[in-house]
Protein chains: 2
Amino acid sequence: MTLERKRPDMVTIADVATHAGVALSTVSYVLSGKRAISADTRRRVLASIDALGYHPHAGARALASRRANVIALVLPLRAGMHVPVLMQFATSVVTSARQFEHDVLLMTADEGPSGLRRIAASALVDGIVAMDVEMRDARVPVLRTLERPSVLIGFPADAHGLTCIDLDFHLAGRACVEHLAGLGHRDVALLGAPEVVYLRDTGYAHRTREGFLEAAEDLKVNAVAEPCGEHAAGINATLEALLAARPELTGLVVHNEAAVGHVLAALARLGKRVPEDISVVAICPDEVAERSHPALTSVLVPADEVGRQAVDLLMRKLDGEAVPESTLLPPQLTVRESTAAA
Amino acid sequence: MTLERKRPDMVTIADVATHAGVALSTVSYVLSGKRAISADTRRRVLASIDALGYHPHAGARALASRRANVIALVLPLRAGMHVPVLMQFATSVVTSARQFEHDVLLMTADEGPSGLRRIAASALVDGIVAMDVEMRDARVPVLRTLERPSVLIGFPADAHGLTCIDLDFHLAGRACVEHLAGLGHRDVALLGAPEVVYLRDTGYAHRTREGFLEAAEDLKVNAVAEPCGEHAAGINATLEALLAARPELTGLVVHNEAAVGHVLAALARLGKRVPEDISVVAICPDEVAERSHPALTSVLVPADEVGRQAVDLLMRKLDGEAVPESTLLPPQLTVRESTAAA
DNA sequence: TCGGCCCTTCGAAGCGCTTCGACGTCCGGG
DNA sequence: CCCGGACGTCGAAGCGCTTCGAAGGGCCGA
């Protein structure tokens with residue numbers, strides 16, 4: 001009876017063993033490489049495996065080995081922020097994880113703490129990568145109590161005892177000012193994230209601003225930092241006010257992916273030519289910078305690299321290795337058409 | 001010895017059974033509801049479950065029940081297209097899947113056919129949702145041969161025997177023309193996807209164009225459809241040429257999320273006021289339309305709804321139910337500030 | 001020639017769960 | 001008063017895999 005109920009298409013390790021004329025455990029060892037197997041046997045087993053189209057049953061493997069070979073990728077609750085960058089993180093994490101023979105489970109944070117506990121306790125995943133972590137992120141305290149290792153992309157207020165990785169936004173802010181100052185600009189402004197983002201104490205927004213202001217002070221450049229909405233109307237108003245208040249302004253740093261296009265449009269509308277009248281540096285993905293007109297000098301958020309390294313760190317933790325608590329990637333500024341000497 | 005090696009934090013169903021003073025199988029039945037359990041026993045078992053913080057082991061469950069309670073979400077190989085919409089699909093799929101007690105495994109198509117075969121054969125997932133399917137999508141033939149059910153978001157050239165769902169782009173194209181014609185416009189143009197997208201035979205681009213042209217013919221409106229790049233420079237050129245060739249043009253349909261902003265900027269630069277001189281309808285997510293200046297009349301891609309229904313269809317297939325081969329969601333046009341009577 | 005060792009392979013015992021058949025118990029109808 | 005059925009619960013047999021201890025065979029040195 002049992003035979004009839006079986007899915008006929010499920011090839012098990014036992015089938016492979018029979019086909020190859022070896023013991024079931026031998027097949028397992030060929031697959032895992034945990035014991036020496038003679039070259040001849042290995043060859044026979046491998047031949048049988050692909051003759052039969054065998055794929056190990058993930059559940060059975062997880063049960064027996066106590067390793068699911070899956071990691072979780074946790075999106076922030078409030079998506080919609082940095083969407084394209086998030087997507088880059090995600091694909092980069094997936095690709096990197098596959099390199100380590102792991103798959104990726106996608107979670108949104110809207111299940112709350114219990115969601116994280118569930119996947120951790122159910123052994124669905126071996127470890128967790130949390131994306132777009134904020135200063136006082138609700139996920140952080142939960143992650144701390146979990147027995148499973150985790151890596152955060154972004155820095156919470158208290159990163160102690162965690163493993164965090166991100167672009168060094170502080171240096172990114174500096175880099176923009178240094179570039180502008182190097183071109184002779186003495187009066188610059190930062191258009192940052194929307195106000196709510198600062199109020200939420202989002203780490204990268206604050207750190208960029210600090211780096212920006214600090215560098216300006218060091219280099220004796222006049223500087224202001226303004227929050228910046230993402231809607232065309234608000235941006236127009238902000239920019240108009242800014243230019244009215246500081247007619248000397250010749251350098252602009254935009255740290256707001258969604259606003260970049262509108263800022264350029266607004267400048268055009270206000271009769272400011274880029275880069276002749278005003279130089280613009282953006283902190284955004286390369287595609288956005290390249291697609292703009294004129295192409296923008298920019299510091300890119302190296303999402304691929306961040307994702308790759310996040311997985312790397314997690315794998316090392318899974319192997320019981322000690323890893324640095326914080327990893328900051330140096331910013332890299334690409335000069336394009338939107339900046340020129342003052 | 002075995003006792004020492006055990007992870008001390010793994011609570012099993014046996015622990016729960018002991019704690020509640022019932023048989024292991026009784027706990028299982030309480031959890032699954034597959035057999036009647038007295039109210040009293042059920043209460044005791046549930047109490048023990050959360051006293052101990054029990055979570056069923058996903059692997060064990062998958063092994064015994066032959067159901068992983070996980071579905072795969074497969075991104076197209078070439079991401080970066082419709083990024084924000086993709087993200088909406090993804091979060092919507094995750095949320096909906098959780099409603100059915102399922103988790104979501106994120107795959108990119110760059111592992112190729114063998115990747116799909118692997119997750120299917122390894123019983124890692126019960127079913128598959130493929131996002132952003134194109135006319136001649138490499139994933140489609142593979143999905144056809146898999147024993148696991150799948151649902152496609154988007155339509156391949158031959159959808160026979162598959163389950164597909166998408167916005168009805170044909171009707172969307174029509175709706176835009178009908179709206180403009182209703183306002184008295186007699187000369188309209190469609191700015192569509194980049195040329196390469198048409199060459200790749202991407203379904204939605206073609207279908208939108210067909211619907212657009214067909215409706216124009218029905219309504220006796222002059223119409224042209226042009227592919228459209230995503231870079232500011234190209235868009236400027238395209239638009240300039242278009243306006244030069246057709247000075248009568250008063251209606252524009254933009255089906256290209258990335259280009260929307262540039263189109264508006266270009267119109268401004270060319271001295272065309274929206275909507276006074278020219279009316280603009282976009283096919284894009286609401287946020288993009290709302291964030292533009294002026295806010296755009298648009299047909300939205302109902303990503304949430306598509307994701308939700310895709311999961312729904314998949315769940316029904318998993319339950320052995322028959323489902324329609326194709327589901328087309330009616331477009332919905334929202335009037336905002338960018339269209340006015342001719 | 002023989003014991004001992006290494007190299008390779010085997011068998012069996014779980015991993016934690018679902019599910020099937022069986023076993024009381026308690027009820028109502030004949 | 002007894003029998004047939006529900007109803008509620010239990011025990012045991014796997015699901016497909018990993019892993020541990022041990023067995024078999026060839027080779028070496030004594």
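Side-chain atoms are counted along with the backbone in the values below, which use heavy atoms only and exclude waters and symmetry mates. Just so you know, these numbers come straight off a predicted model, no measurement behind them.
For A:Ala64, counting side-chain heavy atoms from C-beta on, the closest listed nucleotide (C:dC15, C:dA22, C:dG16) is C:dC15. Which of C:dT9, C:dT19, C:dT8 sits closest to the side chain of B:Lys34 comes down to C:dT19. Comparing C:dC17, C:dC20, C:dT19 by their nearest atom to the side chain of B:Ser28 picks out C:dT19. In this structure, of C:dT19, D:dT18, D:dT9, it is D:dT18 that holds the atom nearest to the side chain of A:Ile13. Of the candidate nucleotides C:dC17, D:dC17, D:dT18, D:dT18 has the atom nearest to the side chain of A:Ser65. Taking every side-chain heavy atom of A:Thr26 into account, C:dC10 is the closest of C:dC10, C:dG14, C:dC17. Side-chain atoms of B:Leu63 lie closest to D:dG16 of the nucleotides D:dG16, D:dT18, D:dC10.
In this structure, OH of B:Tyr54 is placed 7 Å from C1' of C:dG16, rounded to the nearest angstrom. If you take NE2 of B:His55 and P of C:dC15, they are 21 Å apart, rounded to a whole angstrom. The nearest whole Å value for the distance from the CG atom in A:Asn69 to the P atom in D:dC17 is 14 Å. Atom CD1 of B:Ile37 and atom P of D:dC10 are 8 Å apart (whole Å). Protein atom NE2 of B:His57 is 17 Å distant from nucleotide atom P of C:dG14, rounded to whole Å. The CZ-P distance, from B:Arg35 to D:dG8, rounds to 12 Å in whole Å. Whole-Å rounding puts the B:Arg67 CZ to D:dG16 P distance at 16 Å.
Annotation: A:Glu321, atom CD; neighbour count of heavy atoms from other residues, nucleotides and ligands within 6.0 Å is above 12.
Within the model, atoms CG of A:Leu86 and CG of A:Asp132 stand 5.0 Å from one another, a figure rounded to the nearest 0.5 Å.
Between A:Asp40 and A:Arg44 there is a salt bridge, since a side-chain N of the basic residue sits under 4.0 Å from a carboxylate O of the acidic one.
In terms of modelled atom types and a separation under 3.5 Å, the side chain of A:Ser92 and the main chain of A:Arg308 share a donor-acceptor contact. Looking at B:Arg139, its side chain does come within 3.5 Å of a backbone N or O of B:Met131 through a donor-acceptor pair. A:Asp158 places a side-chain N or O within 3.5 Å of a backbone atom of A:His160 that can act as its donor or acceptor partner.
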Worksheet item: Stepwise, does the side chain to side chain contact (heavy atoms under 4.5 Å, CB included) test hold for A:Val129 with A:Leu73?
Response: CA-CA 5 Å; A:Val129 174; A:Leu73 180 63; 3.8 Å; yes
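Contact annotation for B:Leu24: base contact, defined as any heavy-atom pair under 4.0 Å involving a base atom. At a threshold of 4.0 angstrom between heavy atoms, the contacts of A:Ser25 include nucleobase atoms, whether or not backbone atoms are also involved.
B:Tyr29 contributes a side-chain N or O that forms a donor-acceptor pair with the base of C:dC20 under 3.5 Å. For a distance-only test at 3.5 Å, the side chain of A:Arg61 fails to qualify as a donor-acceptor partner of the base of D:dT18.
Distances shown here put a side-chain N or O of A:Arg66 below 4.0 Å from the OP1 or OP2 atom of C:dG16.
The side-chain contact (heavy atoms from CB on, under 4.5 Å) with A:Tyr54 is formed by just one residue from the set A:Asp15, A:Val45, A:Val16; it is A:Val16.
Contacts between residues 38-50 of chain A and DNA chain C, defined by a heavy-atom separation below 4.0 Å, involve A:Ser38, A:Thr41, listed by number.
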